[in-house]
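Written below as structure tokens is the structure these notes are about.
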Amino acid sequence: MKIAPSILSSDFSRLKDEIQAVESAGADWLHVDVMDGHYVPNITIGPVVVESIRKVTRLPLDVHLMITDPDKYAPEFIKAGADWVSIHPETCREPGATLKKIRDFGAKASVAVNPDVPLEKVEAYFPDIDMILMMTVFPGFAGQAFIEDVLPKITAARRQIKENGLSVLVEADGGIKADNIGRVVNAGAEVIVSGSGIFKTPDYAETIGMMRNAVGKE
Ligand code: DX5
Ligand code: ZN
């Protein structure tokens with residue numbers, strides 16, 4: 001299991017310290033939520049910020065694009081230092097072409113699946129992706145309640161990937177904390193995003209430790 005703290009819940013006035021704190025607390029990746037005020041009603045981070053983040057951490061940058069034109073902007077985020085790029089297929093005219101572009105620019109490509117989108121809608125992209133991002137909240141804000149109904153879809157995605165011999169990671173994002181992470185990992189998620197579940201706790205190392213301990217105990 002990889003843990004990817006989402007900096008959206010960090011203290012932006014101390015972003016470098018926050019990033020280095022989760023890095024030394026044992027985070028595996030850093031999740032960066034990019035929102036444009038169009039696809040979602042919130043505005044967050046652009047490529048210039050990713051470029052600055054890239055300079056202060058060695059963690060892989062997992063950039064989640066919640067924007068209307070990822071085909072246009074994905075290359076800028078990759079040039080800024082993104083290692084993984086997730087897109088929402090409903091935001092692209094040709095999701096397959098955007099995913100290919102992400103790989104051509106040297107990053108790993110991922111498709112994000114909203115809680116109300118069935119797996120069948122995204123199965124066609126499986127051969128062209130390195131990861132599937134299962135949203136366990138609706139995109140737009142940190143600190144929302146985890147949607148339990150997504151768990152069987154996580155299990156189905158993991159099963160299908162295995163049955164087809166594909167090497168695609170399953171990531172889960174939204175409302176995950178130490179008290180429900182066990183269920184998410186048992187359902188089949190391999191990369192766990194957590195924003196408020198980590199940054200709103202006093203001791204990041206203790207929280208990440210609790211998360212690792214919780215896995216396998218449910
Ligand atoms: C939601 C974002 C999530 C979110 C995670 O739109 O994609 O990454 O910030 O934050 P928590 O863990 O607080 O739900
Ligand atoms: Zn996210």
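Both counts, for ligands and for their atoms, begin at 1 and track the order of listing.
- Residue-level proximity to ligand 1 for Met35 is carried by the side chain, the only part with a heavy atom below 4.0 angstrom.
- Using modelled atom types and a 3.5 Å distance limit, the side chains of Asn180 and Glu148 yield no donor-acceptor pair.
- Of the angles at the Zn ion (ligand 2), the one spanning OD1 of Asp33 and OD2 of Asp173 is 170° when given to 10°.
- Residue contacts with ligand 1, taken as heavy atom pairs separated by less than 4.0 Å, involve Ser6 solely via side-chain atoms from C-beta onward.
- Interface atoms of ligand 1 facing Gly143, defined by a heavy-atom separation under 4.0 Å, are 11 (P), 13 (O), 14 (O).
- Using bins of under 30°, 30° to 60° and over 60° for the plane-to-plane angle, the ring pair His88/His64 lands in the parallel bin.
- For the 3.5 Å distance criterion, the side chains of Ser6 and Asp33 qualify, holding a donor opposite an acceptor.
- Nearest protein heavy-atom contact of atom 12 (O) of ligand 1 is Gly195 N, 2.7 Å.
- Seen from the Zn ion (ligand 2), atom NE2 of His31 and atom ND1 of His64 lie 100° apart in angle, a value rounded to 10°.
- Taking a cut-off of under 4.0 Å to the non-hydrogen atoms of Met66, the atoms of ligand 1 that pass are 6 (O), 7 (O).
- Residue nearest to atom 7 (O) of ligand 1, selected from Asp173, Leu133, Asn42: Asp173 (by heavy-atom distance).
- Of all atoms in ligand 1, numbered sequentially from 1 with element shown, those under 4.0 Å from a heavy atom of Ser196 are 11 (P), 12 (O), 13 (O).
- The shortest N or O to N or O distance between Asp33 and ligand 1 is under 3.5 Å.
- Listed by number with element, the atoms of ligand 1 under 4.0 angstrom from any heavy atom of Gly174 are 14 (O).
- Near His31, the atoms of ligand 1 lying under 4.0 angstrom from a non-hydrogen atom of the residue are 8 (O).
- Checked by distance only, ligand 1 and Leu8 stay at 3.5 Å or farther apart across all their nitrogen or oxygen atoms.
- The shortest N or O to N or O distance between Gly175 and ligand 1 is below 3.5 Å.
- The contact set between ligand 1 and His64, taken as ligand atoms under 4.0 Å from a residue heavy atom, comprises 7 (O).
- At least one heavy atom of Met135 sits less than 4.0 Å from an atom of ligand 1.
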